[in-house]
Amino acid sequence: MELQFQKSQCRCLGRAVREVKNTELTQEVRLSDGMPDIGRVLGAWGQAVLRSKEWRAGQVSASGGVMTRILYAPEDGSEIRSLDTWIPFQIQWDIQNADRDGTLRVLPLLRFLDSRTVSARKIMVRAGVAAMAEALYPTEKTICSADQLPADIQLLKRTYPMMLPCEAGEKTFTLDEELTLPGHIPAMQRILYDTVRTEVTEKKVMTNKLLFRGTAIAHLIYQCNEGNVHTWDFELPFSQLTELEGDRSPDAQADIQLVLTNLELEQGETGQLRLKCGMTGQYLVHDRVMVELTEDAYSTRRTVELAREPLFLPALLETRLETVSAGQQFPGIEGEILDAVFLPDFPLPQRTAEGYSLEFPGLFQILYRDESGTVQTATARWTGHTEFPADGDCRVDAVLQRIGSAQTAGSEGGVKVIAQAALSMDVTSNREMTMVTGLTTGEEQEPDPSRPSLILCRPEGDGLWNIAKRCNSTMEAIQKANGLKGEPEDDRILLIPVC
């Protein structure tokens with residue numbers, strides 16, 4: 001006799017792709033009329049901006065650019081000049097299951113920028129951009145359950161509380177602020193370059209709403225009227241609330257990736273500044289779901305054949321926050337450090353025998369005035385490593401959460417630059433479970449009344465279910481006969497009743 005199981009649907013998000021791709025871009029920049037000829041290129045600074053993302057059949061793509069400022073010293077010996085340019089990029093990822101559609105999260109990073117002189121009126125700029133794309137689509141997992149089976153059929157059911165990805169979306173907003181330089185720092189003549197870094201300081205799922213707060217930190221390098229170079233950092237706090245598609249439990253949690261979509265910094269005639277900063281918070285919500293699976297079955301009175309199917313659910317096991325301290329020595333550099341920046345790359349997790357090894361590369365760049373008073377730049381690559389234990393049936397996805405400002409300190413024979421970055425590591429189950437989806441039973445037979453009960457010494461680690469199945473008894477009968485409420489201790493003598 002074939003016994004069918006009831007089917008229900010567990011809704012969650014599947015992942016079509018999560019992959020980092022790198023691209024290198026070059027662009028030739030010509031000086032505008034009225035700008036003096038190039039004597040020496042000092043360097044380039046920039047900001048990665050995401051303008052659009054698209055999910056088409058079989059492919060996802062992202063486009064944007066690098067807002068670049070190039071500093072050069074004119075040939076005529078006049079003050080440093082700044083040259084603006086936009087370097088566009090477009091990156092594509094191939095995905096399987098071309099008929100699917102869903103939500104796309106893209107996070108771009110600027111890996112490096114360098115520049116060189118082509119002629120007295122031209123500069124060649126080379127940019128390295130990395131972008132991580134995560135394509136999520138709604139899916140339903142079939143869960144089979146059995147009800148109203150014959151009394152002799154024994155079922156092994158287990159309930160798993162799982163944090164499953166259930167909703168993804170985005171919230172776009174703009175910061176528009178009038179800024180005034182504090183009175184204790186020198187007045188501004190011209191902006192040399194500026195960057196913005198962002199961080200989320202709070203995130204909370206509230207039933208059918210998502211609240212997140214954070215800060216945009218603008219870093220400004222400028223020249224004062226006397227020609228000296230100064231820096232100014234200012235913070236712009238933000239708070240955003242967005243509607244979710246459905247009600248979430250108190251256990252729900254959100255992951256938010258902030259991306260810059262636009263950046264404008266204008267300097268007025270009287271020295272006031274106006275900053276327009278467009279941002280998008282790309283969110284992914286996990287919520288707790290109780291999943292009950294039938295994992296095994298047998299009968300004390302008949303033969304039973306099981307139909308099984310594999311089941312994979314992308315359950316989030318834990319989220320770890322790791323602070324990485326980066327430090328790089330610049331030997332032989334003396335003088336005044338004008339500015340320092342740290343450009344981190346995406347972390348690279350590698351599976352080891354004990355868990356994961358995380359490689360975290362980055363690039364330091366400094367702007368300084370040497371002992372002769374000449375402004376110079378220097379760059380140096382840095383790579384950090386960290387290891388942490390992890391089960392073999394899991395996957396680790398690491399992403400940059402926050403970048404701290406770079407700090408400089410004098411050291412013997414040079415200067416040292418230090419920066420900190422916060423990494424978020426999601427540990428996700430990679431284990432495929434098996435569930436019983438149906439039963440085929442033979443003819444029912446009456447138990448043999450002459451068969452005696454068994455006395456068994458429980459082997460270490462052998463559970464009641466396996467003992468009952470092997471001895472043609474039931475867990476309830478064994479527990480009742482031995483006065484047990486749960487599993488017995490190892491090596492206990494058990495009475496196994498006949499069923």
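Values in this document were obtained by computation on a predicted structure and should not be read as measured data.
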Give the intermediate values and the outcome of side-chain contact (heavy atoms from CB on, under 4.5 Å) for residues Leu317 and Thr428. CA-CA 5 Å; Leu317 302 178; Thr428 305; 6.0 Å; no

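- Here the CG-CD distance, from Leu423 to Gln401, works out to 9.0 Å after rounding to the nearest 0.5 Å.
- Glu292 places no side-chain N or O within 3.5 Å of a backbone atom of Ser145 that could act as its donor or acceptor partner.
- Using a 3.5 Å distance cut-off with no hydrogens or angles, the side chains of Ser63 and Ser52 do pair a donor with an acceptor.
- Few gaps surround CZ on Arg248; more than 12 heavy atoms of other groups in view lie less than 6.0 Å from it.
- Leu241 is listed as a side-chain neighbour of Met206, based on a closest heavy-atom distance under 4.5 Å.
- Here the shortest heavy-atom pairing between Pro161 and Arg288 reads CB-NH1, 3.8 Å.
- Residues Leu113 and Trp45 come closest through the heavy atom pair CD1-C, 3.3 Å.
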As a quick check of understanding, evaluate side-chain contact (heavy atoms from CB on, under 4.5 Å) for Leu155 and Tyr298, giving each step before the final call. CA-CA 7 Å; Leu155 298 178; Tyr298 71 94; over 6 Å; no

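- Here the side chain of Asn466 pairs no donor or acceptor atom with the backbone of Asp462 at under 3.5 angstrom.
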Worked check of salt bridge (charged side-chain N to carboxylate O under 4.0 Å, His left out) between Glu202 and Lys204: CA-CA 7 Å; Glu202 181 185 358; Lys204 186 177 182 180; over 6 Å; no

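- No donor-acceptor contact under 3.5 angstrom links the side chains of Gln445 and Glu443, judged on distance only.
- No side-chain donor from either of Glu359 and Thr383 sits under 3.5 Å from a side-chain acceptor of the other.
- Side-chain atoms of Trp55 do not come within 3.5 Å of backbone N or O of Leu104 as any donor-acceptor pair.
- Taking the charged nitrogens against the carboxylate oxygens, Asp176 and Arg274 do have a contact shorter than 4.0 Å, which makes a salt bridge.
- Considering CD of Gln240 and CD1 of Ile256, their distance stands at 10.0 Å, rounded to 0.5 Å.
- A donor-acceptor contact under 3.5 angstrom links the side chains of Ser405 and Gln407, judged on distance only.
- Heavy atoms from other residues, nucleotides or ligands lying under 6.0 Å from NZ of Lys141 number more than 12.
- Under the 4.0 Å criterion applied to side-chain N and carboxylate O atoms, Lys7 and Glu140 are not assigned as salt-bridge partners.
- Between Ile496 and Ile467, some side-chain heavy-atom pair lies under the 4.5 Å cut-off.
- We find that Glu19 and Lys21 are not joined by a salt bridge, their nearest charged nitrogen and carboxylate oxygen being 4.0 Å or further apart.
- Of all the heavy atoms in Gln328 and Phe364, the pair that sits closest is CB-CD1, 3.4 Å.
- Two residues are said to be in side-chain contact when any heavy atoms from C-beta on lie closer than 4.5 Å; Arg351 and Ser357 fail this criterion.
- Across Leu50 and Ala62, no two heavy atoms sit closer than the pair CD1-CB, 4.0 Å.
- In this structure, Leu464 CG and Glu487 CD are separated by 4.0 Å, a value rounded to the nearest 0.5 Å.
- If you check the side chains of Ser325 and Gln420, you find a donor sitting under 3.5 Å from an acceptor.
- We find the OG-CZ distance between Ser61 and Arg56 to be 6.5 Å, quoted to the nearest 0.5 Å.
- Of the inter-residue distances, the one linking Glu177 atom CD with Phe234 atom CZ reads 9.5 Å to the nearest 0.5 angstrom.
- Side-chain atoms of Thr261 come within 3.5 Å of backbone N or O of Gly278 as a donor-acceptor pair.
- When atom types are taken as modelled, the side chain of Lys276 and the backbone of Leu263 share no donor-acceptor pair closer than 3.5 angstrom.
- Side-chain atoms of Asn472 come within 3.5 Å of backbone atoms of Thr300 as a donor-acceptor pair (strictly under, hydrogens ignored).
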Quick one: do Gln154 and Ser299 satisfy side chain to side chain donor-acceptor pair (under 3.5 Å)? Show the steps, please. CA-CA 6 Å; Gln154 305 296 308; Ser299 171; over 6 Å; no

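- For Gln350 (side chain) and Tyr356 (main-chain N/O), no donor-acceptor pair under 3.5 Å exists by modelled atom type.
- Ion pairing between Lys157 and Glu295 fails under the 4.0 Å rule for side-chain N and carboxylate O.
- Remark: Asp397 engages Arg395 in a salt bridge, criterion side-chain N to carboxylate O under 4.0 Å.
- The heavy-atom pair separating Met475 from Ala468 by the smallest distance is N-CB, 3.7 Å.
- Rounded to the nearest 0.5 Å, atoms CH2 (Trp465) and CD1 (Ile478) are 11.0 Å apart.
- Here the side chains of Leu316 and Pro165 are not in contact, with every heavy-atom distance at 4.5 Å or above.
- Residues Glu167 and His286 have side chains not in contact (no heavy-atom distance under 4.5 Å, counting atoms from C-beta outward).
- Tested against Cys10 for a side-chain contact (heavy atoms from CB on, under 4.5 Å), the candidates Leu311, Ile143, Thr139 yield a single pass: Ile143.
- Glu24 and Arg126 are joined by a salt bridge, as a carboxylate oxygen and a charged side-chain nitrogen come within less than 4.0 angstrom of each other.
- When side chains are defined from C-beta on, Leu13 does not count as touching Cys166, because their heavy atoms never get closer than 4.5 Å.
- A donor-acceptor pair is defined here as one N or O able to donate and one able to accept, closer than 3.5 Å; such a pair exists between the side chain of Arg105 and the backbone of Gln282.
- Between the side chain of Thr68 and the backbone N or O of Val66, at least one donor-acceptor pair lies under 3.5 Å.
- With Val304 as the partner, the side-chain contact (heavy atoms from CB on, under 4.5 Å) test is satisfied by one option alone out of Asp296, Thr441, Asp152, Thr440: Thr441.
- Ion pairing between a basic and an acidic side chain is recognised when a charged N comes within 4.0 Å of a carboxylate O; Arg197 and Glu199 show no such pairing.
- Asp391 and Arg431 are not joined by a salt bridge, as no carboxylate oxygen comes within less than 4.0 angstrom of a charged side-chain nitrogen.
- Side-chain contact between Arg158 and Leu293 is absent, with no heavy-atom pair separated by less than 4.5 Å.
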Hey, mind stepping through Asp247 and Thr207 against side chain to side chain donor-acceptor pair (under 3.5 Å) and telling me if it holds? CA-CA 5 Å; Asp247 292 350; Thr207 311; over 6 Å; no

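- A donor-acceptor pair is defined here as one N or O able to donate and one able to accept, closer than 3.5 Å; no such pair exists between the side chain of Asn482 and the backbone of Leu494.
- For the pair Tyr283/Leu244, a side-chain contact is recorded, criterion being any heavy-atom separation below 4.5 Å from C-beta on.
- The residue from Thr198, Leu236, Val196, Asn262 that alone fulfils the side-chain contact (heavy atoms from CB on, under 4.5 Å) condition with Cys277 is Val196.
- Of all heavy-atom pairs between Pro344 and Phe360, the closest is CB-CZ, 3.7 Å.
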